[in-house]
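Would you mind keeping the following structure in view while I ask a few things?
Proteins get letters first, then strands, A, B, ... in listed order; numbering begins at 1 in each. Values reported hereafter were calculated over all heavy atoms of this structure, with side chains retained and with hydrogens, waters and symmetry mates removed.
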2 protein chains.
Amino acid sequence: MKAEATRQKIVERADELIYAKGFGETSFADIAGAVGISRGNFYYHFKSKDEILDAVIEKRLVDRERLLANWGETSDDPLKRIECFIKIVVVNQTKIMAYGCPVGTLTAELAKIDHGSGAKANEILALFRDWLTRQFLELGCGGEASAHALHVLSWSQGVATLAQAFKDEAFVRREVEQILDWAEAVKNQTGHAPKSATGR
Amino acid sequence: MKAEATRQKIVERADELIYAKGFGETSFADIAGAVGISRGNFYYHFKSKDEILDAVIEKRLVDRERLLANWGETSDDPLKRIECFIKIVVVNQTKIMAYGCPVGTLTAELAKIDHGSGAKANEILALFRDWLTRQFLELGCGGEASAHALHVLSWSQGVATLAQAFKDEAFVRREVEQILDWAEAVKNQTGHAPKSATGR
DNA sequence: AGAGGATTAGGACATTTGACCTAATATGTC
DNA sequence: GACATATTAGGTCAAATGTCCTAATCCTCT
């Protein structure tokens, strides 16, 4: 199956280019050039630009699912898993400073142009949201779990946006420390005083 | 000066369209159509697409400066002024849910395509950052003022991003309440225990 | 009122770019 | 060699940018 290998390469390069330049600014020729194949060959695998986009979103979804599954196997402590999520902004700092969050910037762009695949792109965010909710539930946060999940997800998007704009490593470090402290506080509170939602 | 009026109209419509569709997806024809003028007239005022972008960014800068100045006159209490900033996400909720943050989404797009005006767009974020820093300084936060400013700015970007993705009003309300509480706590802490930076 | 500059409409045209398509060729497999 | 699979090299077509020009109209000043 040589076709499958080529197809994968196309999706990989397209993923990178769409991340780096945005969907609208990424052309057939760009991707074909990056892969090193002709435009015609490209069309053999994907009949339209939207098809590539769908494939890229699908790949991102699968990649993130795998990532989350790995974290699930790494530790039994939900707090540790939440910390893994938080630390992505440090692990991927260089790319985030250059291109922002791959998920956030794509969903924003697709929402603006009212693209049909926008909903699919949102599923990646929803995947993170639901996964985080489950972690907070395991922590014993009960009804506040989903609010906490959105809080962390929102935090990550804000940090990514400012990191891209200002390229300020100290800012990222500070924010990570703060939210890690917050997460720990959430865990410690859930035992005895599980109400104060504003105790961030 | 009829030309000035026309020019302003062009910039206004261009501002709206670039906000709603993004810079890359907004064409000359789009803007000319929205204003209701001919293409020839259009080129009489702007010789290139980049020129319009610059004018739009300039307008946004001036608009925001005026907005901040107004808040400065509204209240002597820096905390109240910070609250004004925080509440933008509620005041502009409808548009944010549709198109995200005008400033954040534009800076992200321009950074990706490595556009020369990206730096100018970043100035709007810097304007907010510096203004917020001044408010926290007035609150007596000292060396933590700029970190607090970035924290609030980052918060607003995160909320805007998720608001656009999930269109969840309750989430926005919750986040606003939380950060308002945090801001108040920052103020109350500065009197006696001004160190705990993580006390968010 | 009229001269003259400023503004607007409208269109012709060159150029580029990108999405999309096709016919011919290559590659490998049986 | 036959056959399906994979790839290439071209070309078409529409849209967008950018340039230029001409003829109206509007405004202002005298």
Side-chain angles (χ1 to χ4, degrees), chain A residues 1-59 106 109-110 112-118 120-121, chain B residues 1-57 59 106 109-110 112-118 120:
Chain A
M1 281 290 155
K2 200 156 192 175
E4 188 52 34
T6 306
R7 201 194 128 97
Q8 270 188 14
K9 244 196 226 168
I10 293 176
V11 175
E12 269 170 35
R13 300 293 171 215
D15 189 0
E16 294 166 3
L17 282 171
I18 288 177
Y19 177 30
K21 308 177 52 172
F23 174 65
E25 295 296 316
T26 303
S27 70
F28 267 34
D30 287 336
I31 304 171
V35 179
I37 59 172
S38 67
R39 284 169 299 148
N41 186 10
F42 196 105
Y43 191 74
Y44 177 78
H45 296 279
F46 296 97
K47 278 183 280 297
S48 75
K49 204 181 169 186
D50 289 345
E51 261 187 39
I52 308 163
L53 177 61
D54 284 339
V56 167
I57 294 175
E58 184 62 30
K59 177 187 186 299
L106 182 64
E109 181 182 0
L110 296 185
K112 285 204 183 219
I113 62 179
D114 207 31
H115 193 286
S117 299
K120 189 99 185 171
Chain B
M1 281 292 156
K2 198 152 192 177
E4 189 51 34
T6 305
R7 203 193 126 96
Q8 271 188 15
K9 243 195 226 168
I10 293 175
V11 175
E12 269 170 34
R13 299 293 170 217
D15 188 0
E16 295 166 3
L17 282 171
I18 289 177
Y19 177 30
K21 308 176 52 171
F23 175 65
E25 295 296 316
T26 303
S27 71
F28 268 37
D30 288 336
I31 303 171
V35 180
I37 60 171
S38 67
R39 280 169 50 77
N41 188 10
F42 197 103
Y43 274 102
Y44 179 78
H45 296 280
F46 295 96
K47 278 182 278 297
S48 75
K49 203 180 169 186
D50 288 345
E51 262 186 37
I52 306 164
L53 176 62
D54 283 339
V56 167
I57 294 174
K59 176 188 187 298
L106 182 64
E109 182 182 359
L110 296 185
K112 285 202 183 220
I113 62 178
D114 208 29
H115 194 286
S117 299
K120 189 98 185 171

Open item on the list: Under 4.0 Å from OP1 or OP2 of C:dT7: is there any side-chain N or O of B:Tyr44 that close?
Closed with: yes
TODO: Answer yes or no on whether B:Lys49 is positioned over the face of B:Phe23, meaning its NZ or CZ is under 6.0 Å from the six-membered ring centre and within 45° of the axis.
DONE: yes
- [ ] Round to the nearest Å and state the distance from B:Lys9 atom NZ to C:dT7 atom C1'.
- [x] 13 Å
Task: Length of the CD-C1' vector between A:Glu25 and C:dT16, whole Å - done: 14 Å
TODO: Provide, to the nearest angstrom, the distance between the NE2 atom belonging to B:His45 and the C1' atom belonging to C:dA9.
DONE: 12 Å
Open item on the list: Looking only at the side chain of A:Ser27 (C-beta and beyond, no hydrogens), which of the listed nucleotides C:dA9, C:dC20, C:dG18 gets closest?
Closed with: C:dG18
Task: Integer-rounded Å distance: C:dG11 P and B:Tyr43 OH - done: 16 Å
Task: Base of C:dG18 paired with side chain of A:Arg39 (donor-acceptor, under 3.5 Å) - done: no
Open item on the list: Side chain of A:Phe28, heavy atoms from C-beta onward: which of C:dA19, D:dT17, C:dT8 has the nearest atom to it?
Closed with: C:dA19
Open item on the list: Tell me whether the side-chain N/O atoms of A:Thr6 come closer than 4.0 Å to OP1 or OP2 in D:dA6.
Closed with: no
TODO: Output the single nucleotide from D:dT8, C:dT8, D:dG18 whose closest atom is nearest the side chain of B:Asn41.
DONE: C:dT8
Task: Note: A:Lys21-A:Asp30 ion pair, threshold 4.0 Å (strictly below) - done: yes
Task: Side-chain donor or acceptor of A:Lys59 paired with backbone N/O of A:Asp15 under 3.5 Å - done: no
TODO: Decide if the gap between the ring center of B:Phe28 and the ring center of B:Phe46 is smaller than 6.0 angstrom.
DONE: no
TODO: With B:Val56 as reference, evaluate B:Ile31, B:Leu17, B:Leu106, B:Val11 under the side chain to side chain contact (heavy atoms under 4.5 Å, CB included) test and give the passing residue.
DONE: B:Val11
Task: Spacing of B:Lys49 atom NZ relative to D:dT17 atom P, expressed in whole Å - done: 5 Å
- [ ] May I have the distance from A:Ile37 (atom CD1) to D:dA9 (atom P), rounded to whole angstrom?
- [x] 11 Å
Task: Whole-Å distance separating the CD atom of B:Glu4 from the P atom of C:dT7 - done: 10 Å
Task: Nucleotide C:dC21, atom C1' - distance to CZ of A:Phe42 in whole Å - done: 14 Å
